[in-house]
Amino acid sequence: MKNRRPTSAGAARFVPTCSTRVESRICAPAWKPVTLRPSSTEDWTPSSKRASSRDCRRVTDDRDDNKLIAERRKKLDALREQGNAFPNDVHRNALADELHATYGGHEAEHLVEEDVEVAVAGRMLVKRVMGKASFIKLQDRSGQIQVRVERDRLPEGTYAGFKRWDVGDILMAGGSLFKTQTGELTVMADEIRLVTKSLRPLPEKWHGLSDQEIRYRQRYVDLIMNESSREIFLKRSAIVQYMRAFLDSQDFLEVETPMMQVTPGGAIARPFSTHHNALDMQLYLRIAPELNLKRLVVGGFERVYEINRNFRNEGVSTQHNPEFTMMEAYRAYADYEDWMNSTEAMLRGMASAVNGDTLVNYQGEEYDFGKPFKRMTVEEVILHFNPDLDAAKLRDRGYLVGVCEQLGIPVKDGYGEGKLQIEIFEKTGEDNLREPTFVTQYPTEVSPLSRENDDDPFVTDRFELFIAGREIANGFSELNDPEEQAARFRAQAANRDAGDDEAMAFDHDYIRALEYGMPPTAGIGIGIDRLVMLLTDSPSIRDVLLFPHMRPEVFD
RNA sequence: GGGGCGUUAGCUCAGAGGUAGAGCAUUCGGCUUUUAACCGACUGGUCGUAGGUUCGAUCCCUACACGCCCCA
């Protein structure tokens, strides 16, 4: 494996730090159930301001001649005639799920006696008109609530207007709670407003939206229609929150380091380049934050971490997105074994917190995060999956070249024994590492930033964590000998001169920083996107990215 | 970069070398406790794009675009 922090791919940057109700502005730990306070800070102001002149602008768009949209535009035109078609004086005092939680268990008669007045708002996803009365369902960020709309309970003319509203429109309804004959908690509306007109029809109510391309390109439609998709991104947020809380509780400092770098470093990967006009210079988007984070350890921030985007100019696949999210953490006075232990503890706690179980089901397989993770060296993995190989010759270049040829692995002149081992490991081992497994003792040759093992300088004090055949984390004791690091950079530079455009550049300032002295330190990188895939049973990285990279859509 | 599959109404999907179909949605009518509400009537299409073969192509062929999957 190349010396990158998790090869994690893809990621979405949308990482809300607070999953509690926005209104309350109170963040709860992700792994605790979020409690919703009934009738909290959202008050409902039933007044509606009358239209100002600016609202009478007629905005028409004749680009789309779709009948369904044209019909809705006409309805919007009528709304503009009547006043402000896009009011912003709408307030609610209840969320759907909070009402179900609080009143769902109440007896129907009891509920009537209580006379609970609520104001709800959301997108109308169901509309059933039965003459002079109707049932609708509104969806807010918490869930759905049914509303009964009766002509004779509303001001004159309101019901006639309501009948012209469309599924997809955003409404506000005020009234008291009751239960229908089948026991469904429902709001009996004595006020109802069309708050925002929707011009585009939603997908069909039963099959929903299944077209993958539209789900990715128009994520907003996917989020409206597919609860499973909403759940993935809620869980993604909970995962990141758990990780932050885990690190914060151990006194780690969260930092942000540059995305734009003069010398991209910290990983072996192809960068994106860009140009700074005022300075007239080429800049690169970072491929990893590693070197900057270790500069901070030199500076005395002994425990730091960053959760942010990396960019790698490589292929796009179910496992790779050009920009992806990585957590990197560095801890002074610790070694790679400490990081294996805390990584294991963190993932165990995370699985319980996020999924309620240490058993993780992924694509038909089950992995128990509750059991101790396996630990094997690179050479042990190679021998385990290639039992015919001669253990005594695993560091014999000629022998390894022969093995590679047998396996159909192209061998380049510059490859040493370590690189050849890793090629064999990747070809025959990685996919088969299903149960959570720490693979240790990566060859020094492919680990230019890792500390050599004291007993065996052929390898470094480094590990990668594999789950379901995929690299989830990469960590090591950091190389803090500036002269050794300079020699490693020179070796990389030689590779670069030999035509390897992924090889690391010599970073003079990083060497200078190490020359001031970096305490013994160990670091880790965890690919957030792949972790989210694992914990949400998602087969493609695009499923866990809100806006995955796509070729541009053609609008004609 | 290579290979396979796909692209038909707003959505979910059928379809066959001879002027294009269903369900839902829309529109109109009916209906005051529905649950994919129901009943009746209507409407809706450059069949991804561009060429080619053919008397005739949405269907066959080629290229391209976009997507999904696999491989490098």
Side-chain angles (χ1 to χ4, degrees), chain A residues 63-76 78 100 108 111-112 124-139 143-154 158-160 162-169 175-190 197-222 224-226 270 313-321 363 407-410 412 423 426-427 430-431 469 538-543 548-556:
Chain A
R63 279 177 310 173
D64 24 46
D65 38 15
N66 180 302
K67 272 192 175 179
L68 300 173
I69 295 176
E71 189 68 41
R72 290 179 177 218
R73 280 193 201 283
K74 272 188 209 158
K75 291 175 179 177
L76 176 58
H100 289 300
L111 206 48
V112 173
M124 177 165 64
L125 290 188
V126 173
K127 185 186 184 196
R128 298 186 195 105
V129 178
M130 291 155 292
K132 299 175 186 66
S134 304
F135 284 105
I136 62 172
K137 274 188 182 162
L138 299 184
Q139 175 170 279
Q144 296 186 358
I145 184 80
Q146 182 168 261
V147 178
R148 179 162 171 88
V149 187
E150 295 186 359
R151 186 191 68 181
D152 298 339
R153 284 177 178 268
L154 298 169
T158 302
Y159 192 76
F162 160 80
K163 287 219 272 187
R164 290 192 300 273
W165 300 347
D166 294 296
V167 167
D169 287 351
S176 50
L177 292 176
F178 79 105
K179 279 195 169 175
T180 63
Q181 289 175 349
T182 53
E184 181 166 350
L185 188 68
T186 305
V187 177
M188 180 67 81
D190 43 47
K197 183 68 197 167
S198 169
L199 294 176
R200 291 181 178 269
L202 289 173
E204 194 228 345
K205 62 191 170 192
W206 187 240
H207 298 93
L209 177 65
S210 58
D211 185 297
Q212 297 255 52
E213 187 169 354
I214 302 177
R215 288 188 52 219
Y216 296 150
R217 284 194 199 278
Q218 299 177 238
R219 184 66 89 182
Y220 35 90
V221 181
D222 179 43
I224 292 168
M225 298 304 296
N226 295 317
R270 223 170 261 113
N313 204 341
E314 292 162 3
V316 177
S317 75
T318 51
Q319 310 292 319
H320 300 85
N321 197 64
Q363 303 295 296
L407 291 169
I409 300 168
K412 291 180 186 166
E423 292 287 329
E426 289 182 357
K427 177 90 175 185
E430 273 192 9
D431 288 352
S538 299
S540 169
I541 194 167
R542 299 180 197 95
D543 297 324
H549 177 78
M550 305 280 275
R551 285 194 155 89
E553 194 175 357
V554 178
F555 291 92
D556 46 13

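Chain letters run A, B, ... following the sequence lines, proteins first and then strands; every chain starts at 1.
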Inset, instruction - Would you check if the side chain of A:Ser317 reaches a backbone N or O of A:Gln319 as a donor-acceptor pair within less than 3.5 Å? - result: yes
Legend entry - Side-chain heavy-atom pair A:Lys205, A:Val126 within 4.5 angstrom cut-off: no
Legend entry - Counter-base of B:U33, judged by Watson-Crick or G-U geometry with both distances under 3.5 Å: none
Inset, instruction - Keeping the roles fixed (side chain from A:His100, backbone from A:Gln144), state whether a donor-acceptor pair exists under 3.5 Å. - result: yes
Legend entry - Same-atom distance (C1') from B:G18 to B:C59, integer angstrom: 11 Å
Legend entry - Whole-Å P distance, B:U49 and B:C55: 25 Å
Inset, instruction - Quote, to the nearest angstrom, the P distance that separates B:U58 from B:G2. - result: 29 Å
Inset, instruction - Could you give the distance separating B:U8 and B:A57 at their C1' atoms, to the nearest angstrom? - result: 14 Å
Inset, instruction - Looking at every strand, decide which applies to A:Glu184 at a 4.0 Å heavy-atom threshold: base, sugar-phosphate, or nothing. - result: base
Legend entry - Candidate pair A:Tyr159 and A:Asp152, rule side-chain hydrogen bond (donor to acceptor under 3.5 Å, both in side chains), full reasoning: CA-CA 8 Å; A:Tyr159 192 76; A:Asp152 298 339; over 6 Å; no
Inset, instruction - Rounded off to whole Å, could you give me the CG-to-C1' distance for the A:Leu185 and B:U34 pair? - result: 15 Å
Legend entry - Any strand: nucleotide that pairs with B:G44 via Watson-Crick or wobble, under 3.5 Å: none
Legend entry - Sidechain-backbone polar pair: A:Gln139 side chain, A:Met124 backbone, donor-acceptor under 3.5 Å: no
Inset, instruction - Considering only atom P, compute the distance from B:A65 to B:C24 and round it to an integer number of Å. - result: 39 Å
Legend entry - Gap in Å between the two C1' atoms, one belonging to B:U35 and one to B:C42, rounded: 27 Å
Inset, instruction - Summarise protein proximity over nucleotides 23-33 of chain B in one line of letters, 5' to 3': B for base, S for sugar-phosphate only, - for none, counting protein heavy atoms closer than 4.0 Å. - result: BBSSS---BBB
Inset, instruction - Indicate yes or no for a side-chain donor-acceptor contact from A:Thr182 to the backbone of A:Thr180 under 3.5 Å, with no hydrogens or angles considered. - result: no
Inset, instruction - Could you give the distance separating B:C39 and B:G45 at their C1' atoms, to the nearest angstrom? - result: 28 Å
Inset, instruction - Report, as a single string ordered 5' to 3', how protein heavy atoms within less than 4.0 Å touch nucleotides 66-72 of chain B: B base, S sugar-phosphate only, - not at all. - result: SSSSS--
Legend entry - Side-chain N or O of A:Arg128 closer than 4.0 Å to phosphate OP1/OP2 of B:A37: yes
Legend entry - Heavy-atom closest contact (A:Pro203 atom, A:Leu209 atom, distance): CG-CB, 3.9 Å
Inset, instruction - Report yes or no: is the cationic atom of A:Lys127 (NZ for Lys, CZ for Arg) under 6.0 Å from the centre of the six-membered ring of A:Phe135, at an angle within 45° of the ring normal? - result: no
Legend entry - B:U27 and B:U43, which share atom name P, separated by this distance in whole Å: 16 Å
Inset, instruction - Answer with yes or no whether the side chains of A:Asp543 and A:Tyr216 bring together a donor and an acceptor at under 3.5 Å. - result: yes
Legend entry - B:G1: pairing nucleotide in any strand, Watson-Crick or G-U under 3.5 angstrom: B:C71
Legend entry - Complement of B:A22, any strand, by Watson-Crick or G-U distances under 3.5 angstrom: B:U12
Legend entry - Complementary nucleotide of B:U62, counting Watson-Crick and G-U pairs under 3.5 Å: B:A50
Legend entry - Check ion pair A:Lys197-A:Asp169 (N to O, under 4.0 angstrom): yes
